[in-house]
Amino acid sequence: MQIDIQTQSFALTDSLRNHAERRLCFALSCCDDHIQTIEMRLSDINGPHGGADKRCHLHIILAGIPDVIIEDIETDLYVAIDRATDRAGRTVIRKIKQHQSLLRQ
């Protein structure tokens, strides 16, 4: 599973990178065989204006299954990462099960 994390309008700290990678591995490790690449884009939409504007955009490229795209916006970037990775894990598992079900028919 290849993970690509990029930020827009701020620097990616080691702490933030470690948190994101740990959360992705925790949520998606059961699906390793099906995942080709995970692209995570982190951004601060409003810049210094504040508010619920920290975005975590995930693009998960799966082998032989349509891609999964998840986005979450929160006031805290760590919370946005947590919520997006949790949703991504559930969505990827559901997509894989649907695909396997179709193959059995």
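Just so you know, these numbers come straight off a predicted model, no measurement behind them.
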Nearest non-hydrogen partners of [X] and [Y], listed with the distance:
X: L28; Y: G89; answer: CD2-CA, 3.6 Å
X: I65; Y: H34; answer: CD1-ND1, 4.4 Å
X: R55; Y: I45; answer: CB-CD1, 4.0 Å

Shared hydrophobic cluster, [X] / [Y] (ILVMFWY, side-chain heavy atoms < 4.5 Å):
X: Y78; Y: F26; value: no
X: M1; Y: L24; value: yes
X: I35; Y: I69; value: no

Please tabulate, for the side chains in residues 93-102, all donor-acceptor contacts under 3.5 angstrom to protein atoms that are two or more places apart in sequence or on a different chain.
none

**Report entry** side chain to side chain donor-acceptor pair (under 3.5 Å) pairs, two or more places apart, involving residues 82-92
**Finding:** H19-D82, R23-D82, R23-D86, D72-R83, E74-R83
Report the distance from atom [atom1] of [X] to atom [atom2] of [Y], rounding to the nearest 0.5 Å.
X: Q36; Y: I60; atom1: CD; atom2: CD1; result: 12.5 Å
X: T37; Y: I61; atom1: OG1; atom2: CD1; result: 4.5 Å
X: E71; Y: L58; atom1: CD; atom2: CG; result: 9.5 Å

Looking at side-chain heavy atoms only, is the closest gap between [X] and [Y] below 4.5 Å?
X: L16; Y: I5; value: no
X: H57; Y: I73; value: no
X: D44; Y: L77; value: no

Requested in this report: Take T7 and M40 through the side-chain contact (heavy atoms from CB on, under 4.5 Å) test and state the conclusion after the steps.
Outcome: CA-CA 8 Å; T7 61; M40 178 182 278; over 6 Å; no
Query raised in the report: Is the number of heavy atoms from other residues, nucleotides or ligands within 6.0 Å of CG (D4) greater than 12?
Result: yes
Report task. Please test C31 against L62 for side-chain contact (heavy atoms from CB on, under 4.5 Å), starting from the C-alpha separation and ending with a verdict. Result -> CA-CA 9 Å; C31 310; L62 302 168; over 6 Å; no
